[in-house]
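Take a look at the structure set out below.
Just so you know, these numbers use all the heavy atoms, side chains as well, and skip hydrogens, waters and symmetry mates. We name chains A, B, ... by the order of the sequence lines, and we start the count at 1 in each one.
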Amino acid sequence: MSLATTYSPTDVEAKWYQRWQEQGFFKAKPNPKKQPYTVVIPPPNVTGVLHMGHMLNNTIQDVLVRRARMQGKEACWVPGTDHASIATEAKVVALLKEQGISKTDLTREEFLAHAFQWKDKYGGIILEQLKQLGASCDWDRTRFTMEPDLTDAVLRVFVDLYNKGLIYRGVRMVNWDPEGRTAISDEEVIAKDVQAKMYYLKYEIVASSLKPQAASPSNEQSLQPEADSLWLTVATSRPETIMADVAVAVNPNDPRFSHLAGAKLRIPLLGREIPVIFDEYVSIDFGTGALKVTPAHDLNDYELGVKHNLPVIDILADNGTLNEKAILYVGQDRFAVRKQIAKDLQEAGLLEKIEEYASIVQTSERTKAVIEPKLSLQWFMKMEHMAKPALDAVENDTVRLHPPKFKNMYRAWMENVRDWCISRQLWWGQQIPAYYLPDGTFVVALTAEDALQQAIAQSGRADLQLSDLRQDEDVLDTWFSSWLWPISVFDGFKDPDNADINYFYPTNDLVTGPDILFFWVARMIMAGIEYRQEVPFKNVYLTGIVRDAQGRKMSKQLGNSPDPLDLIAQYGADGVRTGMLFSAPAGNDLLYDVKLVEQGRNFSNKLWNAFRLVKGWEADASLPFVNEKAVTWFNARLQAAIVEMDDHFEKFRMSDALMTIYKLVWDDFCALYLEMVKPAYQHPIDAETLRHTTAYLETLLKLLHPFMPFITEELWHELAERGPRDYVTVAPWPRATAPAHSAETLASMDKALAIVAGIRAVRNQKNLGPNKPLTLVAKTDEPQLVTDYEGIIRKLGSITEVSFADAGPAASVSFVLGAGEFFIPLEGHIDMAAERTRLEKELEYAQGFRDSVQKKLGNEKFAQNAKPEVLEKERQKLADAEAKIAALEQALKGL
RNA sequence: GGGGGAUUAGCUCAGCUGGUUCAGAGCAUCUGCCUUACAAGCAGAGGGUCACUGGUUCGAACCCAGUAUCCCCCA
């Protein structure tokens, strides 16, 4: 045979991807004769390269899209990337730095020119990589969140929401990323457990501020942590913020501090006097029960400050160093100051102790920097109005989450959602279309010209020029682009009634990770309802995280993530795709192991060899059709498998759908069917069998195609001469039919295969090897079945002769199936004692089973309460058990 | 601290409204096999008191309560 015994994917994959593109199979356009099926890709960052998470996510999307395409739908998978404000800007800044250019030396325009240059060079890498995976995106539709049309969409939405009163500008406590030097939203903050230190600082009580102490009895008994009462110890994890202290708060119900009413304290080292305030917010148990209040650097302190009318002293610069308001340590980084101030406090005798404690720090999702709560003037979007309908859509299953357990999470977030901080102090992104007048007021407009008109109207100053207006420096959060994605990729904002959006929207399925359920999914639902009065997708399939075999997240630091492209090169895209899906139930983390990918590759190879076998057969039209039983049986199995697969797909159980076809191909088709019909070596096969077999193989290729697009396309073309547009990629998805008598067909074959299994078990037990010719003697009440399937039993069992008898030959090994007993004459291999023991064991087991069924049936309450069909089944079990017992007893007697 | 989910074979998971199979799959393991499609393979086998303790029921992996452990989200 000329074909290699192992399949080599690299030879074929590039070829077919190119052909598919040449044929335009992935292109989609509105077609009223077809049902649309739309998926928008979760746009990867332009800074990204393909990682294992993308592999999983995009494999799932491609499986869904390819199947829909084969089902005759107008399948449209829209690819694209997002501009990733913070990440990209950081990357470009770093690159410029290498070239000796500082961002601050550049104008905004110059910087953006560099950034776009970078994007054009590297921004498309990940999309090219997706092609190697086989992703069947409509590449003509590739979009980018910062391209002109999508920018237009963002600005339109901003202006619209501002006009609706849903976007506002205000001073709020925001999450400040000192690394990115920008505000970020609550969703971009990640809490991390850390081992932190608690510093116990001594604040001097200003003696003159203390009321003369009457010898109050309660005071005598109260705990007095300060021996001389001249000091108050305050615990803090952030000693570097004492320069921003404006008060120390204690709980009014805490008797230890009642004498401090009206007292003043001196900030350690700094010496500034601050009041002691009383508020029940302070927890008595925590630290010393005294809390330093720094409204500029803590949300809770801020609220306390507002309540008690305290000033705000912001001592931090944008980059995390202390500013001149701190007076001490000006210009030094916050963490350096923390170390230094602890030393200085120690030396000054103002540090009582340091304790270790488990704490949480908030970090930036993008830069990993420790977040500073910072009072800042930013743009916000009101969420309440949009959250309500978006919550309802999921609650009432207009949008279904798969698996549904994420509904709870979604609800919790939606019910507690806070306003979204959408401004970022960056240049890479859509600049906020707000324009400031010389008097400090502002207008919001799509263009500068519009803004000028409005400004003139608003200010009454007809002499205003464009140059008098200053556009807001900030850009919008990247997610403020992404949340419009399902609409903006079809130009639904610029042109809300265009053919594409009317046809392809709402999309069908969205595949993404649960980590961006709030960032993205929830907000897309909001945007869909707000702007199209319709949710953007019907199903959200939430994938798990790809972890290593030990359950650790894949990370560059650990070096536990394989390079996806290496894997594809080594195992083939088909092997990698199936490998990933083998172990990926929706919502469950995938423990990646190279074994899975090996299994995928092995499966490709299995399929390849099945093809080689069939391909090598010569048909002889003069031969009789001898394989009717096998052909009918496999058809029944095939149809049942199609039904099962469709059901799995319906429920988004992708790995189960894959497992169904995997077992059908490997076990039923290769291990059984092909063995049944296979002619003897170098003998021809009858034409009828070959015709059926080829048709079955074609159907299998179709069913496999969504999972393994490349090998199936290769074999599709190897199997037969094909027309110019005849590709499995666009072949019709098999529709299940219900063959007549399918249940009986399957049941009969099961019985025949049980006989084969019995024979093979004897071979194994007796160490006979697969080829030693054996004969079979059947003592059965179903001789017709044995006769019908004699060919199969002979072939699969390597049996030369089947005969019937009422008793087995003396020197034989037997096995019992139902009421029948089957004998294999074996001179010289019989160990009577062992045979007896084996049969006795089997008998004992059967009797135990019978007894338990009998007991159940004898139970009056069971007979009364159980459904009739359950009762009937139990009776059947009893009858079967009794038949088997009789057969076993006979067998024992015969020994 | 609040909420949610989970716990079934060595591993990853199915097991639909309690009742066909005295618990299933894939992988892994073990024993034979280089049997002319495939050793990336073939044939066969072993392996689980369904986390624990109680309860409801004729009957519980499944329902209820409690305990333990783990995971996730939020603070």
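Atom pair A:Gln362:CD and B:C74:C1' shows a separation of 11 Å (rounding to whole Å applied). As a whole-Å value, the separation of A:Asn602 CG from B:C38 P is 15 Å. In this structure, the CD atom of A:Gln682 is 16 Å from the P atom of B:U35, given to the nearest Å. Going from atom CD1 of A:Ile516 over to atom C1' of B:C73 covers 16 Å, rounded to whole Å. Rounded to an integer number of Å, the gap from CZ of A:Phe815 to P of B:G44 is 12 Å. When the P atom of B:A75 is taken as reference, atom CG of A:Leu299 falls 11 Å away, rounded to whole Å. The separation between A:Phe611 atom CZ and B:A40 atom P is 21 Å, rounded to whole Å. The separation between A:Lys651 atom NZ and B:G15 atom C1' is 12 Å, rounded to whole Å.
For A:Asn764, whose side chain is taken as the heavy atoms from C-beta onward, the closest listed nucleotide among B:U35, B:G26, B:U31 is B:U31. Across B:G26, B:C38, B:A75, the shortest atom-to-atom separation from the side chain of A:Met659 is found for B:G26. Nearest nucleotide to the A:Arg547 side chain, out of B:C72, B:A37, B:G26: B:C72. For A:Pro770, whose side chain is taken as the heavy atoms from C-beta onward, the closest listed nucleotide among B:U35, B:G26, B:C58 is B:U35. Nearest to the side chain of A:Glu874, among B:G26, B:U20, B:C58, sits B:U20. Nearest to the side chain of A:Asn767, among B:G32, B:G44, B:A37, sits B:G32. Nearest nucleotide to the side chain of A:Tyr662, out of B:A37, B:G26, B:G44: B:G26. The listed nucleotides are B:C38, B:G19, B:C27; the one nearest the side chain of A:Phe862 is B:G19.
Across every strand in view, B:U31 sits in a pair with B:A43 that passes the Watson-Crick or G-U test at under 3.5 angstrom. With a 3.5 Å ceiling on both atom-pair distances, the Watson-Crick or G-U wobble partner of B:G1 is B:C74. Within the shown strands, nothing qualifies as a pairing partner of B:C16 under the Watson-Crick or G-U definition with both distances less than 3.5 Å. Partner assigned to B:A23 is none, using Watson-Crick or G-U wobble distances below 3.5 angstrom. Base pairing analysis places B:U7 opposite B:A68; the two distances defining the Watson-Crick or G-U wobble pair are each below 3.5 Å.
For A:Tyr673 and A:Phe669, the gap between ring centers is short of 6.0 Å.
A:Lys678 comes within 4.0 angstrom of a base, heavy atoms only. Contacts of A:Arg875 with the nucleic acid, taken as non-hydrogen atoms under 4.0 Å apart, are absent. A:Arg760 comes within 4.0 angstrom of the backbone, heavy atoms only, and of no base. Base engagement by A:Glu675 is indicated by at least one non-hydrogen atom pair under 4.0 Å involving a base atom. Residue contacts shown for A:Leu517 are absent, as no nucleic acid heavy atom lies under 4.0 Å away. If you check every strand for non-hydrogen atoms under 4.0 Å, A:Trp666 touches sugar and phosphate atoms only.
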**Study point:** B/S/- contact track for nucleotides 2-11 of chain B, protein heavy atom under 4.0 Å
**Key:** --S-------
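Comparing A:Ala610 and A:Ala671, the nucleotide of RNA chain B nearest to each residue sits closer to the 5' end for A:Ala610. RNA chain B is contacted by both A:Gln765 and A:Phe669; A:Phe669 maps to the nucleotide lying nearer its 5′ end (nearest heavy atom per residue).
Contact annotation: A:Arg763 does not reach the phosphate of B:A45 (side-chain N/O to OP1 or OP2, under 4.0 Å). Within the 4.0 Å cut-off from OP1 or OP2 of B:C42, at least one side-chain nitrogen or oxygen of A:Lys606 is found.
Looking at A:Phe707, A:Tyr662, A:Trp608 one by one, the single match for ring pair (Phe, Tyr, Trp, His ring centres under 6.0 Å) with A:Phe603 turns out to be A:Tyr662.
No side-chain heavy atom of A:Arg172 sits less than 4.5 Å from a side-chain heavy atom of A:Asp419.
Taken from CG in A:Leu596 to CZ in A:Arg601, the straight-line distance is 12.5 Å, to the nearest 0.5 Å.
With hydrogens and angles left out, the side-chain atoms of A:Ser604 and A:Asp574 include no donor and acceptor closer than 3.5 Å. In this model, no donor atom of one side chain and acceptor atom of the other lie less than 3.5 Å apart for A:Thr837 and A:Glu840. When only modelled atom types and interatomic distance are considered, A:Asp279 and A:Asn251 share no side-chain donor-acceptor pair under 3.5 Å.
Under a cut-off of 6.0 angstrom, the local environment of NZ in A:Lys751 is sparse, with at most 12 non-hydrogen atoms contributed by other residues, nucleotides or ligands. Under a cut-off of 6.0 angstrom, the local environment of CD in A:Glu395 is crowded, with over 12 non-hydrogen atoms contributed by other residues, nucleotides or ligands.
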